[in-house]
Amino acid sequence: MSVIGLIDANNFYASIERAFAPELDRRALVVLSNNDGCVVARSPEARELKIPIGVPLFQIRHLLDRHNGVALSSHYTLYDDMSWRFQSCLEDFTPDIEHYSIDEVFVKMPLSSLRSLSETGHEMRRQVRALTGVPVSVGFAETKTLAKIAIEIAKKSTRANGMVNLTGSPYRDEALSRVAVENVWGCGRMYSALLERNGIKTALDLRNADEEWIRKRMTVVGARIVQELRGIQCIPFEPTPKVKQQLCVSRSFGSATESLHDLRAAVAFFTSRVAEKLREHRLLAGELSVFVHTDRFKDVPQYANSARLSVAPKSDSTLELLPLALKGLDAVHREGFQIRKAGVILNDLELADCAPRRLWDAALYELHKRLMGVVDALNIKFGKDTVRCGLFPNSGAWRTRFERRSPAYTTDWRQLMTAH
DNA sequence: TCTGGGGTCCTAGGACCC
DNA sequence: TCTGGGGTCCTAGGACCC
């Protein structure tokens with residue numbers, strides 16, 4: 001028997017930007033999506049201003065200006081690096097760690113340490129804060145869904161001081177009654193609307209709901225949520241990550257384009273990136289898709305299409321995937337449409353070590369493998385795009401814009417902080 | 001002017017097989 | 001007149017997550 005812990009960074013991206021630029025403290029700060037499009041993270045001060053996640057920058061710019069707020073471009077290389085740093089801190093507390101997302105970690109704690117669990121939780125918070133500058137909240141409970149409830153309370157209640165332990169707690173029903181059903185893990189917009197229409201308004205209502213009814217309306221997914229709220233583990237703790245089923249690289253363009261030349265450059269860029277990911281995960285892909293679409297927010301002729309191509313034999317070589325991707329692009333391209341977004345998706349993935357040996361082109365593929373290995377090594381050592389396929393320009397209207405970017409404090413020697 | 005990116009799981013229905 | 005039944009696999013679409 002053990003307890004599930006959840007450690008969740010508060011306003012992760014905003015907190016990171018602040019950790020490196022203390023002058024941003026106490027100012028409303030938002031971090032923007034690609035192309036500086038919309039808000040993906042915000043500081044508590046920005047939340048106070050009622051700036052929602054997902055709102056486009058242009059709608060809140062006046063609000064930020066009026067309150068001396070700041071908007072920054074997102075900086076995922078930095079966030080990924082900081083994620084690794086903060087999650088590594090937990091290794092001092094338990095060997096059982098599940099890296100759930102960029103800003104959340106599940107841990108499994110042995111029951112023997114139960115008495116000191118709350119103490120441990122507070123110690124985790126102190127340690128992460130001290131080593132990374134990022135504030136985190138901690139929740140403990142019997143299941144993942146309940147640990148999520150604990151975190152909800154930990155973040156809202158000032159008395160909790162960032163840590164709530166619901167394990168065997170007499171306070172559990174009250175905690176459940178204080179969390180709206182829309183904030184229960186797994187209850188999105190559609191499900192919470194359905195539940196509310198039927199008088200199920202809080203996590204407590206959901207826990208006490210009729211399971212058969214839930215199953216009928218929300219499939220087994222809903223039934224699992226109910227079970228988890230009752231303290232029965234249905235969502236497993238998964239310390240080793242599952243093998244991916246799909247890899248995707250896609251972007252909205254800096255500005256829309258009609259030019260096939262531009263689109264080819266974009267698709268070539270996406271293909272290189274997704275192939276890098278593929279090799280990083282030591283996978284081969286058996287299927288490649290290319291998609292394009294126009295700007296759904298604009299009143300222009302709309303067009304969306306995708307093409308699927310089989311990769312045979314399965315491959316991880318950019319040089320083999322690129323011609324296929326370009327063939328896919330030719331298949332979906334139509335004259336006269338302003339394309340705003342495109343992407344490349346790889347499916348039918350298989351671990352490279354498990355794949356059968358190539359028969360007729362084994363020697364050529366060995367060459368590809370060695371070449372890709374060298375390219376990847378150079379790009380890791382000297383930065384992205386140090387070496388790339390030179391047939392296509394690496395610039396153009398399609399390139400993502402980042403006009404408000406902070407320095408790469410931890411991942412680029414040239415951008416280290418300076419102390420005065 | 002300006003609206004993200006990358007994933008997972010579940011189900012219903014159709015094709016196909018014996 | 002009479003028109004099976006059971007199984008598998010695949011896909012599209014919908015819901016959710018961060």
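Here is the naming used below: chain letters follow the sequence lines, and residue numbers restart at 1 for every chain.
- Classified by interplanar angle (parallel below 30°, tilted 30° to 60°, perpendicular above 60°), the ring pair A/F270/A/F253 is parallel.
- With sequence neighbours excluded, the residues forming a salt bridge (Lys or Arg N to Asp or Glu O under 4.0 Å) with A/E212 are A/R215, listed by chain and number.
- Annotation for A/W213: atom CH2 counts as buried by contact number, over 12 foreign heavy atoms lying within 6.0 Å.
- The stretch residues 238-260 of chain A touches DNA chain B through A/K242, A/K244, A/Q245, A/Q246, A/L247, A/C248, A/V249, A/S250, A/R251, A/S252, each having a heavy atom within less than 4.0 Å of the strand.
- Note that the first and last nucleotides of DNA chain C, 5' to 3', having any atom under 4.0 angstrom from a heavy atom of chain A are C/dT11 to C/dC18.
- Between its two ends, the helix from B/dG5-C/dC18 to B/dC18-C/dG5 turns its axis by 0°, counting five pairs per end and rounding to 10 degrees.
- Here the CZ-CD1 distance, from A/R224 to A/I214, works out to 14.0 Å after rounding to the nearest 0.5 Å.
- Using a 4.0 Å cut-off between a side-chain N of Lys or Arg and a carboxylate O of Asp or Glu, A/E17 and A/R404 do not qualify as a salt bridge.
- Near DNA chain C, meaning a heavy atom under 4.0 Å from it, residues 188-208 of chain A has A/G188, A/R189, A/M190, A/Y191 in order of number.
- The pair A/D36-A/R405 fails the salt-bridge criterion, with no side-chain N (NZ, NE, NH1 or NH2) lying under 4.0 Å from an Asp/Glu carboxylate O.
- Residues of residues 47-80 of chain A that place a heavy atom closer than 4.0 Å to DNA chain C do not occur.
- Across all strands shown, A/D103 has heavy atoms under 4.0 Å from sugar-phosphate atoms exclusively, and none from any base.
- A salt bridge is absent between A/K277 and A/E280: the closest approach of a Lys/Arg side-chain nitrogen to an acidic carboxylate oxygen does not fall below 4.0 angstrom.
- Between A/Y79 and A/Y76, the ring planes lie perpendicular to each other; the angle is over 60°, past the 30° to 60° tilted range.
- Considering only residues two or more places apart in sequence or on other chains, A/F140 meets the ring pair (Phe, Tyr, Trp, His ring centres under 6.0 Å) condition with none of them.
- Of the residues in residues 291-316 of chain A, A/R296, A/F297, A/K298 come within less than 4.0 Å of DNA chain B through at least one heavy atom, sorted by number.
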For residues 145-152 of chain A, run the donor-acceptor check on the side chains, cut-off 3.5 Å, and write out each pair with its distance to 0.1 Å, sequence neighbours left out.
from: A/T145; atom 1: OG1; to: A/E228; atom 2: OE1; distance (Å): 2.7
from: A/K148; atom 1: NZ; to: A/E104; atom 2: OE2; distance (Å): 2.3
from: A/E152; atom 1: OE1; to: A/K156; atom 2: NZ; distance (Å): 3.3

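- A/R273 comes within 4.0 angstrom of nothing in the nucleic acid, heavy atoms only.
- Shortest non-hydrogen contact noted between A/T132 and A/C89 is CG2-SG, 4.3 Å.
- Residues in residues 127-142 of chain A take part in these salt bridge (Lys or Arg N to Asp or Glu O under 4.0 Å) pairs, two or more places apart or across chains: A/E142-A/R172.
- Taking atom C1' on both nucleotides, C/dC18 is separated from B/dC2 by 24 Å, rounded to a whole Å.
- Listed by chain and residue number, nothing satisfies the side-chain hydrogen bond (donor to acceptor under 3.5 Å, both in side chains) test with A/E196 (two or more places apart in sequence, or in another chain).
- Counting non-hydrogen atoms under 4.0 angstrom, A/K144 reaches nothing in the nucleic acid.
- Residues A/V55 and A/Q59 come closest through the heavy atom pair CG2-OE1, 3.4 Å.
- With DNA chain B read from its 5' end, the first of the two nearest nucleotides for A/H281 and A/Y13 is the one closest to A/Y13.
- A salt bridge does not link A/D353 to A/R282: none of the charged side-chain nitrogens sits closer than 4.0 Å to a carboxylate oxygen.
- At distances below 3.5 Å, not a single donor-acceptor pair connects side-chain atoms of A/Q245 with backbone N or O atoms of A/D348.
- Residue pairs that meet the ring pair (Phe, Tyr, Trp, His ring centres under 6.0 Å) test with at least one member in residues 314-353 of chain A, sequence neighbours left out, are A/Y303-A/F337.
- Judged by closest nucleotide on DNA chain B, A/C38 is the one of A/C38 and A/R224 placed further toward the 5' end.
- In the displayed structure, A/R357 atom CZ is contacted under 6.0 Å by at most 12 heavy atoms of other residues, nucleotides or ligands.
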